[in-house]
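The following block contains the structure, expressed as structure tokens.
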Protein chains: 2
Amino acid sequence: MSKNKEKLKMVLHKEGLRFTNQREAVWNEIVTCDEHRNVDDIYMTLRKNGILVSRATVYRTIDVLVKNNMVRKLDVGVGPSKFEHKMNAPHHDHMICIQCGRIEEFVDDQIENLQDSVAKEYEFKLVRHIHQLFGICKDCQ
Amino acid sequence: MSKNKEKLKMVLHKEGLRFTNQREAVWNEIVTCDEHRNVDDIYMTLRKNGILVSRATVYRTIDVLVKNNMVRKLDVGVGPSKFEHKMNAPHHDHMICIQCGRIEEFVDDQIENLQDSVAKEYEFKLVRHIHQLFGICKDCQ
DNA sequence: AATTATTTGAGACTCATTCACAATAAGGGC
DNA sequence: GCCCTTATTGTGAATGAGTCTCAAATAATT
């Protein structure tokens with residue numbers, strides 16, 4: 001059994017939820033693609049591959065995945081939210097071009113550390129964060 | 001004429017928009033309150049004070065104010081966006097409690113600087129950013 | 001004052017997301 | 001494997017924040 005399937009089973013069990021074909025299909029579709037996609041993209045791709053899962057189920061499954069840190073939700077400021085899986089990928093944040101919508105990832109450990117310090121200082125238990133830079137990308141300038 | 005009124009006039013002029021009672025009323029309502037409020041909060045307060053401005057106009061005016069850096073839009077992850085004015089207030093980011101919804105502000109110049117460096121490195125022209133820490137606040141723990 | 005262009009208000013509309021509920025499928029015990 | 005209980009699914013309707021349309025009102029220009 002693949003590592004990802006294993007991971008899904010664990011999380012579902014932890015949440016007291018059942019392991020179903022639909023949930024596996026959704027997780028599988030998300031984890032085998034490295035793009036930033038919205039629910040409809042994911043739904044349509046599944047459908048194109050002959051896997052009929054309802055949109056509602058995609059939403060419901062993603063909620064669980066997001067809550068359990070397997071998927072990151074990305075509010076890109078306009079239109080539907082986008083999602084990306086977090087397996088085998090180092091943590092990163094995003095730069096979003098307000099002209100062409102292109103999303104670029106960036107990593108900065110110093111920022112991460114400072115962030116942790118701030119949270120500690122306020123006795124705030126950090127669960128997740130959003131750090132997005134909006135602007136004009138190199139190509140659009 | 002107050003400094004804030006002056007500022008609004010300038011921005012509207014720059015945008016090729018007219019200075020109207022409604023736009024002044026919305027800006028005034030926002031700039032004289034230091035809380036994080038959504039469009040409906042602002043609309044209802046105006047209405048309570050006998051100032052009848054339509055919801056659509058509040059949305060439209062806020063768009064202009066956000067675009068011109070007079071107001072910050074805050075996506076709090078659930079429900080409608082909140083807004084706060086940016087006059088006389090040093091730049092800050094937000095910690096949002098996912099339990100009680102409380103919003104706390106924090107300032108960290110080092111993070112701001114690092115952020116600028118990252119943008120520079122990618123030749124990305126930074127227009128604005130979102131940096132939000134989600135977690136459990138001191139009181140909710 | 002007349003003309004032209006912008007803004008406003010009201011409500012219809014959009015569209016992402018959530019919900020309700022009947023039908024279906026999982027998991028546990030036998 | 002079969003039954004029973006309980007969770008999950010699909011469907012389509014509902015929700016709700018935000019946007020749009022358009023006629024009437026207001027502002028700027030002549």
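Just so it is clear: chains get the letters A, B, ... in the order the sequence lines come, proteins before strands, and each one is counted from 1. Computed from a predicted structure; not experimentally measured.
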- Message: Under 4.0 Å, heavy atom to any atom of DNA chain C: which of residues 37-47 of chain A qualify?
- Response: none
- Under the side chain to side chain contact (heavy atoms under 4.5 Å, CB included) rule, collect the residues that match up with A:M10, sequence neighbours excluded. none
- Message: Tell me if a side-chain donor or acceptor on A:H94 pairs with a main-chain N or O of A:I96 at a distance below 3.5 Å.
- Response: no
- Residues within residues 58-65 of chain A bordering DNA chain C, heavy-atom distance below 4.0 Å: A:Y59, A:R60
Side chains of residues 126-138 of chain A: which donor-acceptor partners sit under 3.5 Å, not counting sequence neighbours?
from: A:H129; atom 1: ND1; to: A:Q115; atom 2: NE2; distance (Å): 3.2
from: A:H129; atom 1: NE2; to: A:H91; atom 2: NE2; distance (Å): 3.3
from: A:H129; atom 1: NE2; to: A:D93; atom 2: OD1; distance (Å): 3.2
from: A:H131; atom 1: NE2; to: B:Q115; atom 2: OE1; distance (Å): 2.5
from: A:Q132; atom 1: NE2; to: A:D75; atom 2: O; distance (Å): 3.4

- Mind checking what makes side chain to side chain contact (heavy atoms under 4.5 Å, CB included) contact with B:D41, not counting sequence neighbours?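 Partners of B:D41 by the side chain to side chain contact (heavy atoms under 4.5 Å, CB included) criterion, ordered by chain and then number, come out as B:R37, B:N38.
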- Task: Using the test side chain to side chain contact (heavy atoms under 4.5 Å, CB included), find all partners of A:S117 that sit at least two apart in sequence or belong to another chain.
- Result: none
- Task: Using side chain to side chain contact (heavy atoms under 4.5 Å, CB included) as the criterion, list what pairs up with B:E121, not counting sequence neighbours.
- Result: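 Once residues adjacent in sequence are excluded, B:E121 has no partner under the side chain to side chain contact (heavy atoms under 4.5 Å, CB included) criterion.
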- Find the distance B:L8:CG to C:dT7:P and express it as a whole number of Å.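 The answer, rounded to whole Å, is 12 Å.
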- In residues 70-85 of chain A, which ones come under 4.0 Å of DNA chain C, going by heavy atoms?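 Close to the strand are A:P80, A:S81.
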- Could you tell me, to 10°, how much the axis swings from one end of the helix from C:dA1-D:dT30 to C:dC30-D:dG1 to the other, five pairs per end?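 Comparing the axis at each end, I get an angle of 40°.
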- Message: Between P on C:dG11 and CG on B:L52, what's the gap in Å once rounded to a whole number?
- Response: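 Atom-to-atom, B:L52 to C:dG11, this comes out as 13 Å.
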- Message: Of all nucleotides in DNA chain D that come within under 4.0 Å of a heavy atom of chain A, which is furthest toward the 5' end and which toward the 3' end?
- Response: D:dT6 to D:dT11
- Message: Which is more 5' along DNA chain D, the nucleotide nearest B:R55 or the one nearest A:V53? Just name the residue.
- Response: A:V53
- Query: Hey, are B:K82 and B:E35 close enough for a salt bridge, meaning a charged N less than 4.0 Å from a carboxylate O?
  - Reply: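 So B:K82 does not pair with B:E35 through a salt bridge.
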- Query: Hey, can you pull the residues of residues 15-24 of chain A with a non-hydrogen atom under 4.0 angstrom from DNA chain D?
  - Reply: A:L17, A:R18, A:T20, A:Q22, A:R23
- Pairs touching residues 103-120 of chain A that satisfy salt bridge (charged side-chain N to carboxylate O under 4.0 Å, His left out), sequence neighbours left out: A:R102-A:E104
